[in-house]
Amino acid sequence: MEQLGENAIRASFVNCSKGEARRISLPKGLAELPWADLDFLGWRDPGAPDRGYIVALRGGEPVGITLRVPQGGPRSMAKTTMCSVCLTGHAGSGVSLLAARKVGASGRDGNTVGTYICTDLACSLYVRGKKVPEVTMRYKESLTVEERVARMTGNLDAFLDKVFQEQGSPVS
């Protein structure tokens with residue numbers, strides 16, 4: 001992913017108001033992020049632990065979505081959960097259900113879609129082996145890194161398609 005500046009990131013959000021986008025806490029050290037290893041920019045707001053953000057390229061343009069973590073109890077460290085985007089297994093709270101308000105009238109009516117995703121939103125780094133889950137190991141796969149990246153971006157695109165889908169209309 002090409003490095004994005006603060007203005008480009010804030011302007012990319014599609015499922016919140018411009019005022020909400022201006023108030024988003026951007027990741028610290030934005031210029032020092034490993035941009036070459038990122039297929040999308042994902043981060044959690046340290047001041048609001050129930051919020052997360054993803055900025056991905058769609059049609060060559062950055063598109064950002066805001067995410068919320070539904071409130072829930074603690075998870076067992078003995079159970080492993082898999083991210084739906086990068087297919088990395090994590091123990092305990094390493095995967096969270098994140099819900100995105102849908103775009104347009106459907107979102108204004110309160111409709112959301114959710115997915116189970118790495119809690120730290122570092123899927124690109126897990127797929128490349130640059131980051132390792134704390135307790136569990138990544139499953140051995142015969143796919144190349146490029147094939148895993150393609151699968152991950154396809155899974156993220158499918159989730160983003162649902163965010164853009166109008167209520168009652170099929171995903172194209």
Grab the two heavy atoms, one from [X] and one from [Y], that are nearest each other, plus how far apart they are.
X: Val145; Y: Val127; value: O-CG1, 4.3 Å
X: Arg58; Y: Asp157; value: NH1-O, 3.6 Å
X: Arg101; Y: Ser17; value: NH2-N, 4.5 Å
X: Pro62; Y: Leu57; value: N-CD2, 3.6 Å
X: Met152; Y: Phe40; value: SD-CE2, 4.2 Å
X: Ser84; Y: Leu87; value: O-CD2, 4.2 Å

Give a yes or no on whether [X] and [Y] share a hydrophobic cluster (residues Ile, Leu, Val, Met, Phe, Trp, Tyr; joining criterion: side-chain heavy atoms under 4.5 Å apart).
X: Val163; Y: Val55; answer: no
X: Leu26; Y: Leu67; answer: no
X: Leu41; Y: Val14; answer: no
X: Val103; Y: Phe159; answer: yes
X: Tyr53; Y: Leu121; answer: no

Does any part of the side chain of [Y], heavy atoms only, come nearer than 4.5 Å to the side chain of [X], both counted from C-beta?
X: Ile117; Y: Ile54; result: yes
X: Thr88; Y: Pro133; result: yes
X: Tyr126; Y: Val85; result: no
X: Trp35; Y: Leu30; result: yes
X: Phe164; Y: Val63; result: yes
X: His90; Y: Thr81; result: no
X: Trp43; Y: Ile9; result: yes
X: Arg51; Y: Arg44; result: no

Side-chain ([X]) to main-chain ([Y]) donor-acceptor, under 3.5 angstrom:
X: Lys102; Y: Gln165; value: yes
X: Arg22; Y: Arg10; value: no
X: Asn15; Y: Ile65; value: no
X: Thr119; Y: Val95; value: yes

Query raised in the report: Do Arg151 and Glu141 sit within salt-bridge range, that is, some charged N less than 4.0 Å from a carboxylate O?
Result: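 Salt bridge between Arg151 and Glu141, a charged N being under 4.0 Å from a carboxylate O: yes.
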Query raised in the report: Would you call Arg128-Asp39 a salt bridge at under 4.0 Å N-O?
Result: yes
**Report entry** Intermediate values then yes/no, side-chain contact (heavy atoms from CB on, under 4.5 Å), Thr112 and Arg68
**Finding:** CA-CA 10 Å; Thr112 61; Arg68 295 274 180 167; over 6 Å; no
Separation of [Y] [atom2] from [X] [atom1] (nearest 0.5 Å):
X: Leu98; Y: Asp50; atom1: CG; atom2: CG; answer: 10.0 Å
X: Tyr116; Y: Ser96; atom1: OH; atom2: OG; answer: 9.5 Å
X: Cys123; Y: Asn155; atom1: SG; atom2: CG; answer: 9.5 Å

Query - Any side-chain donor near an acceptor of the partner, Asp37 and Ser124, under 3.5 Å - result: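 Judged by distance alone, the side chains do not pair up.
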